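Throughout, residue positions are numbered sequentially from 1 according to the sequence presented. Please read these numbers as outputs of a predicted model, since none were measured by experiment.
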Amino acid sequence: MPDLMVAGGGPLGLATALYAARSGLDVVVREPRQGVIDKACGEGLMPAAVAELETLGVRLEGHPIDGIRYVDATGVAEARFRNGPGRGVARTDLHGALREAVAAAGIPVEHRPVLTVEQRVDHVLVDGERAGHLVAADGLHSPVRRRLGLDARSRIARRYGQRCHVATPPWTRFVEVHWSAAGEAYITPIGKDRIGVALLSSQRRPFRELLDTFPTLGPRLDGLPLSKVRGAGPLRQRSRRRVAGRVLLVGDAAGYVDALTGEGIALGLAQARAAVAAVAAGDPARYERDWRRVTWRHDLLTQALVTATRHRPVRTRIVPAAAALPGIFDAAVNQLARPA
Ligand SMILES: Cc1cc2nc3c(=O)[nH]c(=O)nc-3n(C[C@H](O)[C@H](O)[C@H](O)COP(=O)(O)OP(=O)(O)OC[C@H]3O[C@@H](n4cnc5c(N)ncnc54)[C@H](O)[C@@H]3O)c2cc1C
């Protein structure tokens, strides 16, 4: 029986498996989908994520990111990362690189879903097969979280994300967040001839229609063909607990606040590392405390920003305020960029 089974072969399931193999655990991944998987994502890796993926031997292509720039019709505010650059990496390139690292480590990936989970005293039965522990990294709408009764209700307004690519040379080394009354548009450089455009909004409208609400983007993107659009949401997902017996929730499966601050992968990597350390120590329960420790600061900042900017007067003043208070904007960006 493997020491650890991982449900989900997305970026954070694969990273969990790499941490586990590095800790000497016998690990197997279950992922129903074959090949490289694409998903709606802003594709900006925070400096902490870049550093962590490098320690796991994951080779990242893409484009360097120097910081975050907020843009609206009134002007611009920007903050540079103080601890090294981040990286814009197409989701398929990130997943492909993780798959290669997992294959190089000799970790088996079985292409079938996790369907049933039964807790036993000294193991967990997954679809009738024994494993020491199960990490559920099965995404925003985690079936394992739901089946174990760990779903919690969210009371905040629902928001959704959409993303496409545009074949054009990036005009900046920053991730640009453009603000409009309808939502936010993220521009991430992901290669020398390609940018990612991610839209976040509480409005469920077609991508083009939402894009037209950003006057600061029109002149940049007018007439350029957009790739296929991918969507995700509702973004806010909550779990009641992160540990149930021998099952631990990691990444979006453990809960997600919003894509507005772009640290999902960095945070998930810190969670994956903590979950594996708890399993390796034979003390899965301690992950609950460790999860809170690595997650609270990001959750608080993201939640505060999402809640405040739901109100139009705050929303229209966010870029001027960030420009007028560069020290505070810089501190907030670098809080999110530093290791969890
Ligand atoms: C619009 C948008 C923009 C974002 N921008 C950024 C950004 O710029 N930077 C950043 O760091 N983060 C960003 N994020 C967040 C980031 O995309 C997520 O945090 C990250 O993808 C979570 O990875 P994961 O491995 O937990 O989940 P996923 O990538 O969703 O992987 C889950 C996997 O589980 C599999 N699965 C499902 N059910 C089962 C089952 N029963 N058994 C086994 N496997 C199963 C699925 O097939 C899937 O492959 C953004 C998110 C959105 C929606």
Would you please test Thr302 and Glu263 for side-chain contact (heavy atoms from CB on, under 4.5 Å) and show each step?
CA-CA 9 Å; Thr302 308; Glu263 75 284 2; 3.2 Å; yes
Derivation of the side-chain contact (heavy atoms from CB on, under 4.5 Å) call for His133 and Val247:
CA-CA 6 Å; His133 295 83; Val247 183; over 6 Å; no
[X] with [Y], same ILVMFWY side-chain cluster at under 4.5 Å:
X	Y	result
Val177	Ile265	no
Val243	Val276	yes
Leu226	Val197	yes
Leu140	Leu249	no
Leu336	Leu269	no

Residues [X] and [Y]: side-chain donor-acceptor under 3.5 angstrom:
X	Y	result
Arg242	Ser239	yes
Tyr70	Glu184	no
Thr295	Asp299	no
Gln335	His298	no

For the side chain of [X] and the backbone of [Y], is there at least one donor-acceptor N/O pair under 3.5 Å apart?
X	Y	result
Thr307	Gln303	yes
Thr55	Glu52	yes
Asp66	Arg80	no
Glu78	Arg69	no
His63	Gly88	no
His178	Gly183	no
Ser180	Ala182	yes
His111	Arg33	yes
Asn334	Arg82	yes

Hey, could you give me the [atom1]/[atom2] distance between [X] and [Y], rounded to the nearest 0.5 Å?
X	Y	atom1	atom2	result
His165	Arg91	NE2	CZ	10.5 Å
Glu110	Glu31	CD	CD	12.0 Å
Trp179	Thr216	CH2	OG1	12.0 Å

Cation-aromatic face contact Arg236/Tyr256, 6.0 Å, 45 degrees
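The answer is no, since Arg236 fails at least one limit relative to Tyr256.
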Intermediate values then yes/no, side-chain contact (heavy atoms from CB on, under 4.5 Å), Val27 and Thr16
CA-CA 9 Å; Val27 57; Thr16 303; over 6 Å; no
Apply the test side chain to side chain donor-acceptor pair (under 3.5 Å) to residues Ser201 and Gln203: give CA-CA distance (whole Å), side-chain angles for both, the deciding distance (0.1 Å), then the verdict.
CA-CA 5 Å; Ser201 179; Gln203 301 176 13; 4.6 Å; no
Which pair of non-hydrogen atoms, one from [X] and one from [Y], has the smallest distance, and what is that distance?
X	Y	answer
Trp291	Ala254	NE1-CB, 3.5 Å
Val121	Arg246	O-NE, 3.2 Å
Lys192	Pro170	O-CD, 3.3 Å

Could you check whether [X] pairs with [Y] (Lys NZ or Arg NE/NH1/NH2 to Asp/Glu carboxylate O, under 4.0 Å)?
X	Y	result
Glu118	Arg120	yes
Arg230	Asp38	yes
Glu61	Arg87	no
Arg59	Glu54	no
Arg30	Asp127	yes
Asp290	Arg293	yes

Would Asp151 and Arg240 satisfy salt bridge (Lys or Arg N to Asp or Glu O under 4.0 Å), going step by step from the backbone distance to the final call?
CA-CA 6 Å; Asp151 266 342; Arg240 291 197 292 121; over 6 Å; no
Take Arg112 and Glu129 through the test salt bridge (Lys or Arg N to Asp or Glu O under 4.0 Å) and record every step on the way to the result.
CA-CA 13 Å; Arg112 55 197 172 111; Glu129 294 170 29; 3.1 Å; yes
Residue pair Leu199, Tyr186: steps toward the side-chain contact (heavy atoms from CB on, under 4.5 Å) verdict
CA-CA 6 Å; Leu199 302 183; Tyr186 261 79; over 6 Å; no
Do the non-hydrogen side-chain atoms of Leu94 and Leu53 ever get within less than 4.5 Å of each other?
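With C-beta onward as the side chain, the pair touches.
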Any heavy-atom pair between the side chains of Glu176 and Ile68 that's under 4.5 Å?
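No, too far: nothing below the 4.5 Å cut-off.
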Considering residues, nucleotides and ligands other than Arg146, do more than 12 of their heavy atoms fall under 6.0 Å from its CZ?
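Yes, the 6.0 Å shell around CZ holds more than 12 heavy atoms from other groups.
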